Visitor: 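Provided herewith is a single structure, encoded as structure tokens, for subsequent inquiry.
One-based numbering, in listed order, for ligands and for the atoms of each. Fair warning: this is a prediction, and the values are worked out from it, not measured in the lab.
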Amino acid sequence: MNHDFTAADDPFALFAAWFKEASASEPVDPNAMTLATIGEDGHPDARIVLMKGWDRAGFVFYTNTLSAKGRQLAGHPAAAFLFHWKSLARQVRLRGAITPVSAAEADAYYATRPRESRIGAWASRQSQPLAARGDLETAVADVARRFENEDVARPPHWSGYRLTPTRIEFWQDRPFRLHDRIVFEGAEPDWRKTRLYP
Ligand SMILES: Cc1cc2nc3c(=O)[nH]c(=O)nc-3n(C[C@H](O)[C@H](O)[C@H](O)COP(=O)(O)O)c2cc1C
């Protein structure tokens, strides 16, 4: 699946193939992606998150819903995701609408996280000012005490978002910057494929 990928007509099958290859070749976090959102000031914002699940319904990440990105997505429920797999000289760009995952879906994923991460989700007021590292450590100790001998439930402010793509672009490096690009536009199962100049 190197230079023949432009013949693909199913963006999800192509993503599956590329993600499998990235999972084998990237030294760390093949699921790391840039999440771009629209800031509350109307300007773009971006940061890395981990893609924790995908299927034909969309691509999911988890976060603190009261964070900057959470507030931005509440105001403008649309986003772009960008994967860059350096080891393969590839990128995949996705754009689409954002919907919150169900409580049951978030609970199921939360339950797979290490206990320390679940405690951290309670202790971190993500994206708010933190006067000193010690304040975070105190908050972690307080939460650990509070949940001593019991399961650390999912905080109400911690959940996931799903991007349902309406545009998926695949980019493969080629010599002399004469790269291959194909973009799929539409929605499941009707995609229109276009080749783009590099
Ligand atoms: C490799 C990597 C993975 C990350 N994964 C996540 C993630 O899955 N969820 C998350 O909320 N933040 C993640 N972060 C931290 C975010 O980049 C960001 O600092 C944080 O979410 C606050 O963003 P905000 O202020 O725009 O809400 C990750 C950072 C890196 C570098």
Visitor: Using distance alone, with no hydrogens and no angle criterion, decide if Arg181 and Thr6 have a side-chain donor and acceptor under 3.5 Å apart.
Guide: no
Visitor: Anything with a heavy atom under 4.0 Å from ligand 1 counts, so go ahead and list those protein residues by chain and number.
Guide: Asp29, Arg47, Ile48, Val49, Leu50, Tyr62, Thr63, Ser67, Ala68, Lys69, Gln126, Ser127
Visitor: Salt-bridge test for Lys86 and Glu26: reply yes if a basic N is under 4.0 Å from a carboxylate O, no otherwise.
Guide: no
Visitor: With sequence neighbours left out, what residues match Thr65 under side-chain hydrogen bond (donor to acceptor under 3.5 Å, both in side chains)?
Guide: none
Visitor: Output all residues satisfying side-chain hydrogen bond (donor to acceptor under 3.5 Å, both in side chains) with Glu188, sequence neighbours left out; order by chain, then residue number.
Guide: Arg56, Trp191
Visitor: List, one per line, each side-chain donor-acceptor pair under 3.5 Å for residues 94-107, sequence neighbours excluded.
Guide:
residue, atom, partner, partner atom, Å
Ser102, OG, Glu105, N, 3.0
Glu105, OE1, Arg162, NH1, 3.3
Glu105, OE1, Arg162, NH2, 3.3
Glu105, OE2, Arg162, NH2, 2.5
Asp107, OD1, Arg154, NE, 2.6
Asp107, OD1, Arg154, NH2, 3.2

Visitor: Any salt bridge linking Asp180 with Arg195? Criterion: basic side-chain nitrogen under 4.0 Å from a carboxylate oxygen.
Guide: yes
